[in-house]
Amino acid sequence: MYGLWKPRVLGAWRVPATGPVILAVNHAHNIDGPMLMGTAPRPVHFLIKKEAFTGPLDPFLRGIGQIEVDRTTADRTAITHALGVLERGGVLGIFPEGTRGEGDFASLRAGLAYFAVRSGAPIVPVAVLGSTDRRGRLIQGLPPLRSRVDVVFGDAFQAGDGTGRRTRKALDEATVRIQERLTAHLKNARLSTGR
């Protein structure tokens, strides 16, 4: 990432140095995940759509510990692998919106709340900004080479309400709390970076 673009990383010290943690990342461009993986202070295991695991990318993604997920169903294998990452004290990366979009956390899926409440791992909000500002001249689908992309880490927080409940209602309430925190972080990240 540092060879192709000019990442500016802010707040990386907010990621706990040890123990399980979930990085909740906005997703507006294909490079958002790789940008985070290349700039995060700890190795990140992302839940990545199964369609990406094709050709030479398949062994590469598996080799760096990424988790294949079938988004059309409740993929029990992916869920087990993701919880395993957290049980081993690793870092799980999730795009809470489930797919690439505006990157504004406007529509969260329940997966992030499930992993956070089930594992008890704190969530660190991450805003990747600048990946969609302009198109590159050489490769139109990518930001211009050597352009600045900001990666802003927020304060870690717990999604649960402290009761340990894992009911549907508890997950729905956690999703609301998460969305509020992620939206506030994105707003602050835009203010601090001027984007």
Side-chain angles (χ1 to χ4, degrees), residues 1 12-27 30-100 105 108-128 151 153-175 177-179 181-182 185:
M1 292 294 112
W13 56 270
R14 291 181 169 117
V15 177
T18 59
V21 65
I22 300 170
L23 300 182
V25 190
N26 68 322
H27 194 24
N30 280 336
I31 71 156
D32 295 343
M35 184 62 68
L36 178 63
M37 285 188 270
T39 60
R42 294 175 59 188
V44 182
H45 303 272
F46 262 100
L47 286 164
I48 299 176
K49 64 182 178 180
K50 71 176 185 176
E51 294 84 2
F53 287 79
T54 58
L57 211 49
D58 181 24
F60 173 73
L61 290 173
R62 292 181 197 285
I64 62 171
Q66 305 315 302
I67 303 167
E68 177 183 357
V69 62
D70 182 350
R71 297 179 303 166
T72 64
T73 183
D75 188 339
R76 298 230 177 262
T77 302
I79 292 168
T80 300
H81 285 147
L83 288 172
V85 165
L86 296 171
E87 287 168 7
R88 292 187 298 277
V91 179
L92 181 65
I94 295 180
F95 297 116
E97 296 166 292
T99 188
R100 198 171 52 251
F105 298 122
L108 299 192
R109 297 177 74 174
L112 174 56
Y114 173 79
F115 287 118
V117 171
R118 171 87 190 265
S119 70
I123 296 172
V124 172
V126 184
V128 178
V151 181
F153 294 88
D155 291 321
F157 67 93
Q158 290 292 328
D161 61 4
T163 65
R165 293 180 305 129
R166 296 184 195 171
T167 63
R168 168 52 56 204
K169 184 178 182 208
L171 290 178
D172 289 344
E173 290 170 355
T175 299
R177 280 191 296 278
I178 291 168
Q179 187 166 27
R181 292 292 295 263
L182 297 183
H185 171 66

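- Once rounded to the nearest 0.5 Å, the distance linking CD of Glu68 with CG of Leu61 reads 9.5 Å.
- Nearest heavy atom pair, residue Ser119 against residue Leu86, reads OG-CD1, 3.5 Å.
- Judged by distance alone, with hydrogens and angles left aside, the side-chain atoms of Asp70 form no donor-acceptor pair with the main-chain N or O of Asp75 at under 3.5 Å.
- Of all non-hydrogen atoms in Pro20 and Pro122, the two that sit nearest each other are O-CD, 3.2 Å.
- Residues Ile123 and Phe115 fail the side-chain proximity criterion, which asks for heavy atoms closer than 4.5 Å.
- Annotation: side chain of Asn26 is in contact with side chain of Val128 (closest heavy-atom distance under 4.5 Å).
- Ile79 approaches Tyr114 most closely through the heavy-atom pair CG2-CE2, 3.9 Å.
- The shortest distance between side-chain heavy atoms of Phe46 and Val69 does not fall below 4.5 Å.
- Side-chain contact check for Phe153 versus Leu36: some heavy-atom pair is nearer than 4.5 Å.
- A heavy-atom distance below 4.5 Å is not found between the side chains of Arg177 and Gln158.
- Looking at Arg42, its side chain does come within 3.5 Å of a backbone N or O of Pro16 through a donor-acceptor pair.
- Summarising the geometry, atom OG1 belonging to Thr73 is positioned 9.5 Å from atom NZ belonging to Lys50; distances are rounded to the nearest 0.5 Å.
- Considering NE2 of His81 and CZ of Arg76, their distance stands at 14.0 Å, rounded to 0.5 Å.
- The nearest pair of heavy atoms linking Pro125 to Phe157 is CD-CE2, 4.0 Å.
- A donor-acceptor pair under 3.5 Å is formed between the side chain of Gln66 and the backbone N or O of Val44.
- The two atoms that bring Ala12 and Pro41 nearest to each other are O-CG, 3.6 Å, heavy atoms only.
- Shown are Leu182, Thr175, Leu92; of these, the side-chain contact (heavy atoms from CB on, under 4.5 Å) with Leu112 is made only by Leu182.
- Shortest non-hydrogen contact noted between Ala156 and Arg14 is CB-O, 4.5 Å.
- With hydrogens and angles ignored, the 3.5 Å screen pairs no side-chain donor or acceptor of Arg71 with any backbone N or O of Lys49.
- Separating the NE2 atom in His45 from the CG atom in Leu23 is a distance of 11.0 Å, to the nearest 0.5 Å.
- Note that the CD1 atom of Ile178 and the CD1 atom of Ile94 stand 9.0 Å from one another [nearest 0.5 Å].
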